[in-house]
*Asks:* 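Below you'll find the structure I mean.
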Amino acid sequence: MGRCGRRRRLRLYGLVAEEGPGFALDQRLGRYPLSRLLAGKVSERDMCGEMVQIYAGLRDEELRAAAARYVNKYVQPRVFAEMAALVGALIHAGVEIWAVSSTNKWVVAEGVRDLGIPEERILAAEVRVVAGLITTEILDVPPTKARPRPSRVWSHLPRCGVRNSVHDLAMLQIARNAFPVNPSPALLEAAAKNGWGYFQPEAAEDGEAAVGGESPTSGS
């Protein structure tokens with residue numbers, strides 16, 4: 001990671017050992033039917049938007065509180081110690097780090113808060129909040145396979161990209177340096193084809209990264 005210079009943008013992925021039972025904040029959402037995406041019935045961009053629009057009418061503070069409970073229960077215990085230490089060292093060195101996720105911004109913000117990443121450096125699915133109430137107006141959706149580069153924020157491509165899933169292969173490929181962490185079988189295969197190394201945290205050495213909708217050849 002020594003090539004990541006000061007004030008460079010780093011996509012921060014692959015921080016947790018597993019995501020638990022989805023990133024749902026309540027029973028209204030549950031698991032989004034991934035089969036719709038895989039069958040081509042909905043675009044990845046639309047799917048990410050729908051996953052936040054479903055909360056329209058609820059109060060923003062309710063979602064923030066629910067996100068905090070979820071992160072404390074399912075995410076914090078699974079954060080890789082090596083990655084948390086690395087993020088802290090990079091921030092201390094002046095590196096500009098961004099968190100990019102297809103999850104809603106409420107959960108992402110809570111998940112990276114203790115790592116020192118502010119909300120203004122998060123790219124995630126987000127809708128407008130008016131007078132404390134959540135609306136259906138989409139403000140942002142994360143990069144997708146069809147549009148790997150964000151439409152806003154970055155004036156240049158990221159110096160480093162870190163991820164564990166082949167679903168984000170296109171985004172890893174636009175980074176100057178790609179670093180798979182706890183890679184799924186499909187991403188491991190893609191990493192070999194691209195000549196990338198990878199890192200397997202100690203907490204993940206006894207198992208594989210479980211990524212929905214992935215097959216060993218889906219990254220080819």
*Asks:* Does CZ in R113 sit with more than 12 non-hydrogen atoms of other residues, nucleotides or ligands closer than 6.0 Å?
*Replies:* yes
*Asks:* In Å, rounded to the nearest 0.5 Å, how long is the span from CG of N104 to CD1 of I54?
*Replies:* 11.0 Å
*Asks:* Is there a continuous path of hydrophobic side-chain contacts, each under 4.5 Å between heavy atoms, that joins Y74 to V71?
*Replies:* yes
*Asks:* Any chance you could measure M83, atom CE, to N164, atom CG, to the nearest 0.5 Å?
*Replies:* 10.0 Å
*Asks:* If every non-hydrogen atom of G111 is compared with every non-hydrogen atom of Q76, which pair is closest and at what distance?
*Replies:* O-NE2, 4.2 Å
*Asks:* Ignoring hydrogens, what is the shortest heavy-atom contact between S184 and S165? Give both atom names and the distance.
*Replies:* OG-CA, 4.1 Å
*Asks:* Distance only, no hydrogens: is a donor on one side chain within 3.5 Å (strictly under) of an acceptor on the other, for W106 and D60?
*Replies:* yes
*Asks:* Answer yes if I138 and L58 sit in the same cluster of Ile, Leu, Val, Met, Phe, Trp and Tyr residues linked by side chain heavy atoms under 4.5 Å apart, and no otherwise.
*Replies:* yes
*Asks:* Linking I/L/V/M/F/W/Y whenever any side-chain heavy atoms sit under 4.5 Å apart, do V141 and Y55 land together?
*Replies:* yes
*Asks:* Please tell me whether V166 and W196 are part of a single hydrophobic cluster in this structure, the criterion being side-chain heavy atoms less than 4.5 Å apart.
*Replies:* yes
*Asks:* Checking side chain to side chain contact (heavy atoms under 4.5 Å, CB included) for the pair Q53/V127: CA distance, chi angles, key distance, verdict?
*Replies:* CA-CA 7 Å; Q53 288 176 321; V127 290; 4.2 Å; yes
*Asks:* Atom CG in L172, atom NE2 in H167: separation rounded to 0.5 Å?
*Replies:* 12.5 Å
*Asks:* Any chance you could measure T135, atom OG1, to R128, atom CZ, to the nearest 0.5 Å?
*Replies:* 7.0 Å
*Asks:* G57 and L133: which non-hydrogen atoms are nearest, and at how many Å?
*Replies:* O-CD2, 3.8 Å
*Asks:* Start with the C-alpha distance between M171 and R163, add both sets of side-chain angles, then the distance that settles side chain to side chain contact (heavy atoms under 4.5 Å, CB included), and finish with yes or no.
*Replies:* CA-CA 9 Å; M171 286 184 281; R163 191 50 173 135; over 6 Å; no
*Asks:* Report yes if the side chains of V181 and Y198 come closer than 4.5 Å at any heavy-atom pair, otherwise no.
*Replies:* no
*Asks:* Not counting sequence neighbours, which residues clear side-chain contact (heavy atoms from CB on, under 4.5 Å) with P118? List them please.
*Replies:* E120, R121
*Asks:* Take E126 and V52, measure what side chain to side chain contact (heavy atoms under 4.5 Å, CB included) needs, and give me the verdict at the end.
*Replies:* CA-CA 6 Å; E126 180 183 10; V52 285; over 6 Å; no
*Asks:* Please confirm whether the backbone N or O of G132 pairs with a side-chain atom of E61, one donor and one acceptor, at under 3.5 Å?
*Replies:* no
*Asks:* What is the minimum heavy-atom distance between P183 and Q200, and which atoms define it?
*Replies:* CD-OE1, 3.5 Å
*Asks:* Determine whether a donor-acceptor pair (N or O, by modelled atom type, separation under 3.5 Å) exists between the side chain of E50 and the backbone of M47.
*Replies:* no
*Asks:* Please name the pair of heavy atoms, one in P180 and one in A191, separated by the smallest distance, quoted to 0.1 Å.
*Replies:* CG-CB, 4.1 Å
*Asks:* What do you reckon, is CZ of F199 surrounded by more than 12 foreign heavy atoms closer than 6.0 Å?
*Replies:* yes
*Asks:* Please lay out, stage by stage, how I117 and V108 fare under the test side chain to side chain contact (heavy atoms under 4.5 Å, CB included).
*Replies:* CA-CA 10 Å; I117 302 174; V108 179; over 6 Å; no
*Asks:* Which atom pair, heavy atoms only, marks the closest approach of C48 to A125?
*Replies:* O-CB, 3.6 Å
*Asks:* Between CD1 of I122 and NZ of K105, what distance do you get to the nearest 0.5 Å?
*Replies:* 6.0 Å
*Asks:* Say you draw a straight line from CD of E96 to CG of L90; how long is it, rounded to the nearest 0.5 Å?
*Replies:* 12.5 Å
